[in-house]
J.: 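One structure, as structure tokens, below. Some questions next.
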Amino acid sequence: NIGTPNFSAGYVQVSYFLTGESRTYDKRMGRLGSEYIAKANTPFWLVRDDNGAFNWGLGAWEVAARYSTINLNNGPIRGGIMDNLEMGVNWHLNNNLRVQFMYIHTDRYSLAPNQNSGWLNGFGMRTQFTF
């Protein structure tokens, strides 16, 4: 009998729109809105004009970072501690299409005996379509 285990975790996140947009907020529910951004100031587009020059819209560009930690050690349970640092760029081509580029550094330590601690670096890319 190990009783009731108690684990702890948390994160802090920050993001900033380089192109001036802002995230929506639902005042009635007191939470972030279901739409991620209110509206892209200029959706992404790329065309040639009559003179052969390119005209374009940038879309919305956002930089973001998050630090998270979880402690899975409690009494006889030795699940370890894991810290994550994530940094990325989100490109909102329009209000329905987003491409994300993310770098992740993870460190796992304080494990049970004979378990390997270590760190991991990774890069990911994700495309998200909402409707």
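FYI, the numbering just counts along the sequence from 1.
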J.: Only counting residues at least two apart or in another chain, list the ones meeting side-chain contact (heavy atoms from CB on, under 4.5 Å) with Tyr103.
T.: Met87, His105, Asn121
J.: Restricting to non-hydrogen atoms, name the atom on Ser110 and the atom on Ser117 that form the minimum distance, rounded to 0.1 Å.
T.: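 Between these two residues, the closest heavy atoms are N-OG, 4.0 Å.
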J.: State whether the side chain of Asn90 and the backbone N or O of Arg98 hold a donor-acceptor pair below 3.5 Å, judged by distance alone.
T.: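 Looks like no, no N/O pair under 3.5 Å.
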J.: Compare every heavy atom of Gly59 with every heavy atom of Glu21, then report the nearest pair and how far apart it is.
T.: OE2-O, 4.3 Å
J.: Looking at every heavy atom in both Val99 and Leu93, which two are closest together, and how far apart are they?
T.: CG2-CD1, 3.7 Å
J.: Would the distance check show the side chain of Asp26 and the main-chain N or O of Leu32 forming a donor-acceptor pair, the cut-off being under 3.5 Å?
T.: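 No: the side chain of Asp26 does not pair with the backbone of Leu32.
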J.: Any donor and acceptor pair, going by atom type alone, linking the side chain of Asn84 with main-chain N or O of Ser68 inside 3.5 Å?
T.: no
J.: Sorted by first residue and then second, give each ring-ring contact (aromatic ring centres under 6.0 Å, His included) pair with at least one member in residues 54-85; sequence neighbours left out.
T.: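 The answer is Trp61-Trp91.
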J.: Can you name the nearest heavy-atom pair linking Pro5 to Gly3, along with the distance?
T.: CD-O, 3.4 Å
J.: Are the side chain of Asp49 and the backbone N or O of Asn51 linked by a donor-acceptor pair below 3.5 Å?
T.: yes
J.: Quick check: does any side chain N or O of Asn73 sit under 3.5 Å from a backbone N or O of Leu111, one acting as donor and the other as acceptor?
T.: no
J.: With side chain to side chain contact (heavy atoms under 4.5 Å, CB included) as the test, would you mind laying out the steps for Glu62 and His92 before giving the verdict?
T.: CA-CA 8 Å; Glu62 176 187 26; His92 303 264; 3.2 Å; yes
J.: Quick check: closest heavy atoms across Leu97 and Asn94, and the distance to 0.1 Å?
T.: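 For Leu97 and Asn94, the tightest heavy-atom pair comes out as N-OD1, 2.9 Å.
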